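Bear in mind the structure is a predicted one, so any value in this text is a computation, not a measurement.
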There are 2 protein chains.
Amino acid sequence: MSTEGSSESGKTGSAGESAVDVVVQQIRNLIATSKLKVGDHLPTERDLCAQFNASRNTVREAMRILKAYGLVDVRPKIGATITDNRMTRAFELFSFNTMEISRKTFSDVQDFRSLVEVGSADLFFDRLRQEDLDDLSEINAKLAEIHDLNEASEIDYAFHMRLVSILDNHAVLDVYAVMKPVILRIMQKGKTRRIFKTETFSEHQGVVDALAARDRLAFQYRLRSHLMIGFRFFSEEMEESA
Amino acid sequence: MSTEGSSESGKTGSAGESAVDVVVQQIRNLIATSKLKVGDHLPTERDLCAQFNASRNTVREAMRILKAYGLVDVRPKIGATITDNRMTRAFELFSFNTMEISRKTFSDVQDFRSLVEVGSADLFFDRLRQEDLDDLSEINAKLAEIHDLNEASEIDYAFHMRLVSILDNHAVLDVYAVMKPVILRIMQKGKTRRIFKTETFSEHQGVVDALAARDRLAFQYRLRSHLMIGFRFFSEEMEESA
DNA sequence: TAGGTGTTTCTTGGTCCAACAAATAAAGAT
DNA sequence: ATCTTTATTTGTTGGACCAAGAAACACCTA
């Protein structure tokens, strides 16, 4: 209901839908109306062709989309079965290490994080407890023992996740959970193990110190600097897509 | 988590991988080795067929996957261009179904919206253009002609969506898109058609006026009040424990 | 006869080919 | 400069074949 097939146009139900998109929607409706649950079988491709009056290639392309979305699992000679790997797929989207995070994505996400983390300073100080400070320091300390970038970014992410958890806002936590893959890649951008162990570590510690000292301005300044520091890796890059 | 374990494509060798998976990998490599950036064009389907020695259907199915992953945007006659909508796709996958609107949920979501909308006041005034004000007024005017609550909340949502669109931040827009079902339900909570036509309308207009007058304090005060006003409907309501 | 075994046939997804339609960018004509 | 034609490219269709698993079947043995 909320998502359409592949077109990202804002219009819903306009006439510009391709046949593949139509079939995608029809299959989703079929799943919904037939109350198919995880593990149930979908009709064969050829049956779907007849049912939706579409060619087999069209049905196959629709299946590819549903498969990419993690909604069906199709195996040769077995057929298509309903699954729910959406979360897994969401994380796999960013396993495409071949492509760099675009500057726009980087900028948008970091601005958003800055908005949430820096903008909630007052709330942080209202709710802050000693336990929070201890946890943050403990997490940050793990940066000293990292072995690779993945491990480092996981710790970096855990630090910020623990920080926003102070807000006790489930909506924010959910959003951060979904954005995790993007955030991880952003954190790794241009960094080395050494940078994580030295610069990132001390930036985090500065934030924790400011929290402990109840120094609102220092907290905001240091956190914002920490979030925006990655911009230097985009210094000369220029891209302008209409 | 990165490369190892997707369902069907474990081996990077020759056996076991379908031709479509191979082409997907080849296109990924092409993007990487050619250093293609967002906005650049991919070769035509037929070129890719020749280049990878695959049939056109295979290339098309591979393209569907990349499109579903938000890595390419293919338009008829134009061809495929590199994009980076992976985060949008991730949010689409997430698409948590409308949960029960508890007082806690209401509080969390409205706090979050307040954080984003009220907290971005400076950015709003930086980027604001006359066109934005006109659109906001135009959208708000539609509240006068509503027929039911669904229609009213859609317009209310569209108003706030248009507001945050001024920020030109894709991450924020994606988050709002995902939260739409929850936001709609929150907007309807305790309201009547009359309230939408009178109170909500004038609250919106007050926000627009404050924007037009470049009155930052009035903007923040009115917007925050508007977002928090629904709390009165939870005043006496009891809700079961978490 | 009952039960297990090996063979055959059928089904199904995976791939390829050859068309045609629609849309649009580019070249050509006026 | 504007309109028209052409050519290119994606979208879609239908058909064909293959390989591998499933299912049905025949067969043999105890």
Side-chain angles (χ1 to χ4, degrees), chain A residues 4-9 11 14-27 30-31 36 39-83 85 241-242, chain B residues 6-11 13-27 30 36 39-83:
Chain A
E4 79 278 10
S6 57
S7 153
E8 65 282 348
S9 66
K11 310 292 181 59
S14 77
E17 283 187 331
S18 75
V20 174
D21 292 335
V22 172
V23 172
V24 166
Q25 196 54 51
Q26 282 174 316
I27 295 178
L30 175 67
I31 294 175
L36 296 180
D40 291 345
H41 281 260
L42 237 55
T44 68
E45 290 182 354
R46 290 174 175 83
D47 283 347
L48 292 173
C49 294
Q51 192 167 343
F52 299 139
N53 211 29
S55 116
R56 181 139 172 261
N57 287 333
T58 301
V59 170
R60 279 189 59 78
E61 290 190 22
M63 284 295 223
R64 284 289 183 187
I65 292 176
L66 293 172
K67 195 174 164 188
Y69 273 66
L71 294 175
V72 304
D73 181 25
V74 41
R75 288 165 301 182
K77 294 78 190 174
I78 305 292
T81 53
I82 313 284
T83 68
N85 296 118
S241 58
Chain B
S6 99
S7 49
E8 63 284 310
S9 59
K11 316 290 180 56
S14 53
E17 278 195 337
S18 78
V20 173
D21 293 334
V22 172
V23 172
V24 167
Q25 190 59 43
Q26 283 172 317
I27 295 179
L30 177 66
L36 297 181
D40 290 345
H41 281 261
L42 237 57
T44 69
E45 289 181 354
R46 287 175 176 84
D47 283 347
L48 292 173
C49 294
Q51 192 166 343
F52 299 140
N53 215 24
S55 96
R56 192 153 160 250
N57 289 39
T58 302
V59 170
R60 279 188 61 79
E61 289 189 23
M63 214 64 112
R64 284 287 182 188
I65 293 177
L66 294 172
K67 197 174 160 187
Y69 275 53
L71 292 173
V72 303
D73 180 25
V74 43
R75 287 166 299 180
K77 181 54 194 165
I78 305 292
T81 54
I82 312 284
T83 70

Check: B/N57 side chain, C/dG14 base, donor-acceptor under 3.5 Å: no

Rounded distance in Å - CE (A/M63) to P (C/dG14): 9 Å

Sugar-phosphate only, base, or nothing, as touched by B/R60 at under 4.0 Å among non-hydrogen atoms: base

B/P76 vs A/N53, nearer the 5' end of DNA chain D by closest nucleotide: B/P76

Least distance between heavy atoms, A/T83 atom then A/G70 atom: OG1-O, 3.4 Å

Which nucleotide in C/dT12, D/dG21, C/dG14 has an atom nearest any side-chain atom of A/I78: D/dG21

Spacing between B/R56 atom CZ and C/dT15 atom P, to the nearest angstrom: 17 Å

Residue A/N53 excluded, over 12 heavy atoms near CG under 6.0 Å: no

Separation of atom CZ in B/R75 from atom C1' in D/dT9, rounded to whole Å: 13 Å

Spacing of A/F52 atom CZ relative to D/dT12 atom C1', expressed in whole Å: 17 Å

d(CD, A/E61; C1', C/dG14) in whole Å: 14 Å

Heavy-atom closest pair, residues A/M63 and A/V72: O-CG2, 4.3 Å

For the student: nearest non-hydrogen atoms of B/K67 and B/V74, plus distance: CD-CG1, 3.3 Å

Atom-pair distance (NE2 on B/H41; P on C/dA25), nearest Å: 11 Å

Presence of B/T58 side-chain N/O under 4.0 Å of C/dG14 phosphate oxygens OP1/OP2: no

Position toward the 5' end of DNA chain C (nearest nucleotide), A/R46 or B/A54: A/R46

Nucleotide D/dA22, atom C1' - distance to NZ of A/K77 in whole Å: 11 Å

